[in-house]
Amino acid sequence: IGTQDDGMYVYEEGKVNPWKTKANDFLKKHQLFSTAKMPKGNFAFGSIQNGLIISNKQGNIIQHLNKKQGLENNTILSLDIDKWGNMWCGLDNGISYTEILSPETYLNDALGIEGKGYASAYYKGRLFAGTNQGAFVTAGQPAEEGALNNGNFEKIPGMKGQVWKMKVLDERLFCGHNRGAFIFRDDELRHIWKADGCWDYLEVPGRD
């Protein structure tokens, strides 16, 4: 059961209870207005103030789309899914069509990324992106793999320059930089090799 100001409720066995999920926290903040059932049992929710989100049955946010990601407007008045699983959004100022099942997502400077993209990697629930201007990471709380949460990026201090490679090895994120080699571990950034450049990382068989 959806409400405009108080989010979603679940009616089950004669009782109505709030839907205690991250998706519902978003909907209460940005005003729910429209819904649609997605393929594979996921749900789409359109808001008045901040575009739409897609969640799984557990209420975890898988994707967030708003004007920054290409919608013409942040007010989603209606949602519909066509027979191919793509989404049509009725907005305040027209219609937006989204190939929601596409494995590709367009990331640009409107999300906080600067420069031209060279590399990327998922590490501990965050998407890291390397460009010719430095390293960037998705802001906010970690998300499920494949999700970007709010879709915004923040610049990582100490990584100014060109980031050529990002690779996860042995639960650590290695970064190849024009100033050498960097490593992320336990949310700490370390400059482990200072040289004129590091391009790639390879595991040596039999060596830890």
Side-chain angles (χ1 to χ4, degrees), residues 22-23 25-26 29-30 49-55 60-74 96 98-208:
K22 292 181 180 179
D25 291 339
F26 174 94
K29 182 178 180 180
H30 300 293
Q49 301 175 23
N50 197 3
L52 67 93
I53 58 171
I54 295 173
S55 82
N60 298 314
I61 297 174
I62 298 171
Q63 194 168 6
H64 178 201
L65 298 174
N66 58 19
K67 197 170 182 180
K68 286 184 178 180
Q69 283 80 33
L71 293 180
E72 294 295 321
N73 189 273
N74 278 336
S96 281
T98 305
E99 293 182 357
I100 206 70
L101 298 181
S102 171
E104 299 175 350
T105 298
Y106 176 54
L107 306 175
N108 55 32
D109 55 3
L111 302 177
I113 298 177
E114 302 170 8
K116 303 300 181 182
Y118 286 154
S120 64
Y122 259 104
Y123 180 64
K124 292 189 175 181
R126 289 186 167 92
L127 177 62
F128 287 76
T131 77
N132 65 338
Q133 299 293 315
F136 302 82
V137 62
T138 46
Q141 296 297 315
E144 295 181 350
E145 185 159 339
L148 293 178
N149 272 354
N150 60 17
N152 295 320
F153 286 76
E154 55 189 17
K155 198 166 189 176
I156 299 173
M159 292 289 289
K160 183 178 180 181
Q162 299 183 59
V163 179
W164 295 325
K165 188 71 174 184
M166 289 189 161
K167 194 170 187 177
V168 178
L169 295 171
D170 192 26
E171 298 184 357
R172 293 170 290 181
L173 175 63
F174 291 85
C175 296
H177 196 282
N178 71 286
R179 292 191 289 115
F182 290 81
I183 186 173
F184 286 91
R185 188 174 186 179
D186 299 326
D187 295 326
E188 181 183 358
L189 172 66
R190 294 166 52 202
H191 196 173
I192 59 174
W193 184 48
K194 297 180 180 180
D196 290 335
C198 179
W199 188 258
D200 200 358
Y201 300 86
L202 298 173
E203 292 185 88
V204 179
R207 297 285 297 273
D208 293 332

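The nearest pair of heavy atoms linking Ala121 to Val168 is CB-CG2, 4.4 Å. Here the shortest heavy-atom pairing between Ser96 and Leu71 reads CB-CD2, 3.7 Å. When every heavy atom of Leu127 is checked against every heavy atom of Ser120, the shortest pair comes out as CD1-CB, 4.3 Å. The shortest heavy-atom contact between Gly180 and Cys198 is O-CB, 3.4 Å.
Asn74 places no side-chain N or O within 3.5 Å of a backbone atom of Asn66 that could act as its donor or acceptor partner. Put simply, the side chain of Thr131 gets close to the backbone of Glu114: a donor and an acceptor are under 3.5 Å apart. With hydrogens and angles ignored, the 3.5 Å screen pairs a side-chain donor or acceptor of His64 with a backbone N or O of Asn50. In terms of modelled atom types and a separation under 3.5 Å, the side chain of Tyr123 and the main chain of Glu171 share a donor-acceptor contact. A side-chain donor-acceptor contact under 3.5 Å links Lys155 to the backbone of Gln133.
Remark: Arg185 engages Arg172 in a side chain to side chain contact (heavy atoms under 4.5 Å, CB included) (not counting sequence neighbours). Residues meeting the side-chain hydrogen bond (donor to acceptor under 3.5 Å, both in side chains) test with Glu72, sequence neighbours left out: none.
Interatomic distance, Met159 CE to Phe184 CZ, rounded to the nearest 0.5 Å: 5.0 Å. Note that SG of Cys175 and CZ of Arg190 are 13.0 Å apart. Values are rounded to the nearest 0.5 Å. Rounding to the nearest 0.5 Å places CD1 of Ile113 at 4.0 Å from CZ of Phe153. Between the CG atom in Leu65 and the CD1 atom in Ile54 there is a gap of 6.0 Å [rounded to 0.5 Å]. If you take CG on Asp200 and CZ on Phe174, they are separated by 11.5 Å, rounding to the nearest 0.5 Å.
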Less than 3.5 Å apart, which donor and acceptor atoms pair up between the side chains of residues 160-167 and the rest of the protein, not counting sequence neighbours?
unit_1, atom_1, unit_2, atom_2, d
Gln162, OE1, Trp164, NE1, 3.4
Lys167, NZ, Tyr201, O, 2.7

Working note: Val137 + Glu154, criterion side chain to side chain contact (heavy atoms under 4.5 Å, CB included); need CA distance, chi angles, decisive distance, verdict. CA-CA 6 Å; Val137 62; Glu154 55 189 17; 3.9 Å; yes

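The only member of Leu173, Ile192, Leu189 that meets side-chain contact (heavy atoms from CB on, under 4.5 Å) when paired with Ile183 is Ile192.
Counting heavy-atom neighbours within 6.0 Å of Asp196 CG, excluding the residue itself, gives a total of 12 or less.
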